[in-house]
Amino acid sequence: MTKNPELAAWVDAVASLTKPDNIHWVDGSETEYGDLIKGMLADGTLEKLNEETYPNCFLHRSDPNDVARVEHLTFVCTTDSEDAGPNNNWMDPAEAHTKVDELFKGCMRGRTMYVIPYLMGPYGSPFSRAGVEITDSAYVVVNMRIMARIGRRALDHIEGGNSFVRGLHSVGELDPEKRFVMHFPEELMIKSIGSGYGGNALLGKKCHALRIASWQARTEGWLAEHMLILGIEDPTGNKTYVAAAFPSACGKTNLAMLVAPPALDGWKVWTIGDDIAWLHLGEDGRLWAINPEAGFFGVAPGTSLSTNANCMHTLGRNAIYTNVAMTSDKEPWWEGIDGPKPSELIDWQGRPHDVEKGPAAHPNSRFTVAASQCPSYSDQANVPQGVPISALIFGGRRSAVAPLVFEALDWEHGVFTAAAVASETTAAATGKVGQVRRDPMAMKPFCGYNFADYWAHWLSFKERSEKLPKIFNVNWFRKDANGSFMWPGFGDNLRVLQWIVERCQGKADAIKSPIGLLPDGKDIDLNGLDLEPETIDALLAIDPEIWHTEVEDIDEYLSSFGDRLPGAIRAQIDRIKREISESQHAA
Ligand code: GTP
Ligand code: SPV
Ligand code: MN
């Protein structure tokens, strides 16, 4: 079924290992999609939602043990464990292959094996990369069809002689004890078994476009990042492109689709991507970004017309919902959606909803939908060279410590601030929620190699260009003594983006502090917002006592990378410590 002998041989080898009943080469057509959906409606994998209000939409309930990424079962298998680094779980490649191949043995008996050729990135882009995912899950096929560019054109790309990433996936027994997500960056290979969920199973996404791609990006001189990409149009029609990295479930999709508040008349945000950016240095010295994905796999809870209207207008048709609740009219429902809570709901496990048993929708319930349906989808989203990035923004979910926004002094300081990001854990991965952990560049779960080498790679861009973007840090999640968010967030985040754009244009002022450059409260446009001046001042305050402790913590974390930690990062830690202690003495 392919002219590429390497691909044909691999498919044969996988078939003899896994013993499927049938092999189906996925062409990505409408007819094929219809047939797969029909099959899943018949076997109960999917449930059809209300055709009138949610045309062509389906609900999938995953196994209750399989609802999020599994970081403790995710491995980077490099010859030298130091290459994977302390930021990854490591296993020797030979041992890892043996271990998972044992689980793959005969696992597709009685099932169909789907072969999905896919392309990450726009057709015709020199930056796009191909992969082939072999899976025994029809749910994975229909999700991949939305999230990536699959089928004939992707296969043409591979048959044209381009390299491809091999991803082998099986739902296996859906047993958490027999679940592994293994990466072999030196072989451009992924093997994932035992989960049918999101990032564990849609291998083009986190496994390929971040873990494997970040490894390739280092050797080839580019960056694969956990970033949204958006364009900010000002009232004169001028567009500024930015990319922003926040950890999972910390606001990327929402920021990417932001709707301007009425008071900021004439401003508009255009969406290019909501989760992953591939960044290349252009001949002009600027950093250019493409979105390797074609769809959104977004968090449902909290999404509403008031928080993210563009998203609500995107996901009402041709969408797959996973682990949301359902109303008696067969409409999808989740905590935070518009309107009163219906008295009768079916929860994400298919049971009549009972608040005693937790939320109706799983906190990590998601929608899968084509990016092209988004009303704010940019006309630049499929341009082969991507968009030029003026600012890189990093952030996390911090109820304390981190200010609303600050700017890094220069590239090296910016790389340090990004490496120092911490965030409270969310339901996007299994494990405890709300624990503060270091999540450098929002890549803790996704960097396919040693973080120390990754920071050195980031720093190396300084040698290659004088036109790099400015680097900013933001935090939408500061809480007051009552536990309420101090900043309104969502559309009002545009007020912070405005300051960022004006800094890039050399128009706005900033005040220097030991941690970076901050706006004066007066420099953030609060027109039309019911926010006390004291609140904005509190959101922008840097308390030397608190930051003394914070920098100690950052030092401890970064120092754990030992000799591999770049000297330029060490120098930043030392400078900031010195300046904070000077400001403590001055106070
Ligand atoms: P992943 O898809 O896991 O990578 O998540 P994400 O980074 O795209 O996060 P998303 O935009 O889906 O937001 C996650 C949760 O945070 C949702 O429940 C949102 O409603 C909430 N959220 C997003 N932006 C804001 C904000 O500005 N303020 C507050 N308070 N909550 C926000
Ligand atoms: C994330 O967790 O960052 C996601 C969802 O975008 S998943 O695809 O499951 O990784
Ligand atoms: Mn994500």
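Basis for what follows: all heavy atoms, side chains included, without hydrogens, waters or symmetry-related copies. Start at 1 and go down the list; that is how both ligands and their atoms are numbered. Residues: numbered from 1 along the sequence shown.
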### Numbering as shown, the atoms of ligand 1 that approach N254 to under 4.0 Å (heavy-atom distance)
10 (P), 11 (O), 12 (O), 13 (O), 19 (C), 23 (C), 24 (N)
### Message
Quick test: of every protein heavy atom, which one is nearest to atom 16 (O) of ligand 1, and how far off is it to 0.1 Å?
### Response
R397 NH2, 3.2 Å
### Message
Any N/O/S atom, side chain or main chain, of D274 closer to the Mn ion (ligand 3) than 2.8 Å?
### Response
no
### Task
Would you please indicate yes or no on a ring centroid separation below 6.0 angstrom for H457 and Y449?
no
### Message
Check contact between R366 and ligand 2, using heavy atoms of the residue and a distance below 4.0 angstrom.
### Response
yes
### Message
Students should be able to answer this: which protein heavy-atom is nearest to atom 5 (O) of ligand 1, and at what distance?
### Response
A249 N, 2.7 Å
#### Entry: Atoms of ligand 2, numbered as shown, that sit under 4.0 Å from any heavy atom of H226
3 (O)
### Query
Looking only at protein heavy atoms, which one is nearest to atom 6 (P) of ligand 1, and how far off is it?
K252 N, 3.3 Å
### Query
Taking atom CZ of F246 and atom CG of D439, what is their separation to the nearest 0.5 Å?
12.5 Å
### E293 with K252: basic N within carboxylate O range, under 4.0 Å
no
### NZ or CZ of R218 within 45° of W215 ring axis and under 6.0 Å
yes
### Query
Considering only the protein, which heavy-atom contact is closest to atom 18 (O) of ligand 1, and what is its distance?
P301 O, 2.9 Å
